[in-house]
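Okay, structure first, notes after.
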Amino acid sequence: MSYNMEDSQNSIPASVSANKLRAVPKGGEAGQNAIKRLQTELMQLMTSAAPGISAFPSADGNLLTWRATIEGPDDTPYAGLTFKLSFEFPSNYPYAPPTVLYRTPIYHPNVDFSGRICLDILKDKWTPAYNIQTVLLSLQSLLGEPNNASPLNGEAAELWDKDPTLFKTKVMDRHRDLDDD
């Protein structure tokens, strides 16, 4: 099986040059290890990403700021929908988790209306063994298996169990496709 980078959902956006990806953030050496790790993760995502997820540095080439996409899993209220997220990496990544937000409006028990996510691996359960791909796969899984014991959106948590039809209606009402930036 041959791999054509241009046909892949994981090929690097044309707006991000290789030179930009080498840029060191302000603060010099502080983020060098984070940059090296993120370069490695970018290559892994480009060559062997899981289906339904993608992530790249933002168009300005800053490796500490990424955009990601998750496709809603089949057999969930999110099937057929695409969600865009932002990742902000601290200079001590991977020893501290990224800040991840949904940019696409989403109705979900573990996501508030500002796009903040309640997911333990993005908080106190973070470990440097996690990477961008594991975060995206966890978020994709959360779409089909919310943690209703720890909701950010109590109404969504209640409807998930009690009224799946109304839940799906609210998902569709809230979802909006976003233009790429």
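Nothing fancy with the numbering, it's 1 onward along the sequence.
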Fill in: For P77, side-chain contact (heavy atoms from CB on, under 4.5 Å) partners two or more places apart
W160, F167, K168, V171
Worksheet item: In chain order, what residues pass the ring pair (Phe, Tyr, Trp, His ring centres under 6.0 Å) check against Y130, with sequence neighbours excluded?
Response: W126
Item to complete: For the pair Q44 and I132, evaluate side-chain contact (heavy atoms from CB on, under 4.5 Å) and give the outcome as yes or no after the intermediate values.
Response: CA-CA 10 Å; Q44 289 171 338; I132 297 164; over 6 Å; no
Practice prompt. Would you give the length of the straight line joining atom CG of L85 to atom OG1 of T99, rounded to the nearest 0.5 angstrom?
Written response: 12.5 Å
Discussion item. My understanding is that only residues two or more places apart in sequence, or in another chain, count here; which of them pass side chain to side chain donor-acceptor pair (under 3.5 Å) with Y102?
Written reply: none
Fill in: Non-hydrogen side-chain atoms of R103 and R67 separated by less than 4.5 Å
yes
Discussion item. If the test is side chain to side chain contact (heavy atoms under 4.5 Å, CB included), which one of L136, T82, T104 qualifies with I70?
Written reply: L136
Worksheet entry | CA sep, side-chain torsions, deciding dist, call: H175, F83, ring pair (Phe, Tyr, Trp, His ring centres under 6.0 Å) | CA-CA 8 Å; H175 186 269; F83 298 93; 5.1 Å; yes
Discussion item. Is it true that, when you exclude D75 itself, more than 12 heavy atoms of the residues, nucleotides or ligands shown sit nearer than 6.0 Å to its CG?
Written reply: no
Fill in: Beyond-backbone contact of I117 with L139, side-chain heavy atoms, under 4.5 angstrom
yes
Practice prompt. State whether the number of non-hydrogen atoms from other residues, nucleotides or ligands found under 6.0 Å of F113 atom CZ is greater than 12.
Written response: yes
Practice prompt. Flag the pair T69 / I53 as yes when at least one side-chain heavy-atom distance between them is below 4.5 Å, and no otherwise.
Written response: no
Discussion item. Tell me every residue that passes ring pair (Phe, Tyr, Trp, His ring centres under 6.0 Å) with F87, counting only those two or more places apart in sequence or in another chain.
Written reply: F89
Worksheet, complete the sentence: By side chain to side chain donor-acceptor pair (under 3.5 Å), N148 pairs with (sequence neighbours left out) D161
Worksheet item: Mind checking what makes salt bridge (Lys or Arg N to Asp or Glu O under 4.0 Å) contact with E158, not counting sequence neighbours?
Response: K162
Discussion item. For a quick test of reading the model, state the closest non-hydrogen atom pair linking S150 to N110 and the distance between them.
Written reply: O-ND2, 3.1 Å
Discussion item. Could you work out, with salt bridge (Lys or Arg N to Asp or Glu O under 4.0 Å) as the rule, every residue matching R116, not counting sequence neighbours?
Written reply: D112
Response to the item:
For residues 123-134, the salt bridge (charged side-chain N to carboxylate O under 4.0 Å, His left out) pairs (sequence neighbours left out) are none
Worksheet entry | Exam field: side chain T169 to backbone T165, donor-acceptor pair closer than 3.5 Å | yes
Fill in: same_hphob_cluster(V100, Y95) at 4.5 Å side-chain heavy-atom cutoff
no
Response to the item:
Residue pairs meeting salt bridge (charged side-chain N to carboxylate O under 4.0 Å, His left out), one or both in residues 32-42, sequence neighbours left out, come to R37-E41
Worksheet item: Which value, rounded to the nearest 0.5 Å, describes the distance between T40 atom OG1 and I35 atom CD1?
Response: 11.0 Å
Worksheet item: Below 4.5 Å, heavy atoms only, C-beta onward: do L45 and S54 meet side chain to side chain?
Response: no
Practice prompt. Sort and list the pairs that fulfil salt bridge (charged side-chain N to carboxylate O under 4.0 Å, His left out) and have at least one residue in residues 45-58, not counting sequence neighbours.
Written response: none
Worksheet item: Just how far is it from atom OG1 of T76 to atom CG of D74, taken to the nearest 0.5 Å?
Response: 7.5 Å
Discussion item. Just verifying a value: how many Å separate I106 CD1 and K170 NZ, rounded to the nearest 0.5 Å?
Written reply: 15.0 Å
Discussion item. For P90, give me all partners under side-chain contact (heavy atoms from CB on, under 4.5 Å), at least two apart in sequence or on another chain.
Written reply: N92, Y93, A96
Discussion item. What verdict does the side-chain contact (heavy atoms from CB on, under 4.5 Å) test give for V111 and N153, after you've listed the backbone C-alpha separation in whole Å, the side-chain angles of each residue and the deciding distance to 0.1 Å?
Written reply: CA-CA 6 Å; V111 183; N153 181 338; over 6 Å; no
Worksheet item: Are any non-hydrogen side-chain atoms of S138 and L119 less than 4.5 angstrom apart?
Response: yes
Could you pull out every donor-acceptor pair under 3.5 Å between side chains of residues 140-147 and any protein atom, sequence neighbours left out?
| residue | atom | partner | partner atom | Å |
| --- | --- | --- | --- | --- |
| Q140 | NE2 | E71 | O | 2.9 |
| N147 | OD1 | A149 | N | 3.1 |

Worksheet item: Going by heavy atoms in the side chains, are E155 and Y107 under 4.5 Å from each other?
Response: yes
Fill in: Hydrophobic cluster membership, L152 vs L101, 4.5 Å side-chain cutoff
no
Worksheet, complete the sentence: Smallest heavy-atom separation, P57 atom then L63 atom, equals CG-CD2, 3.4 Å
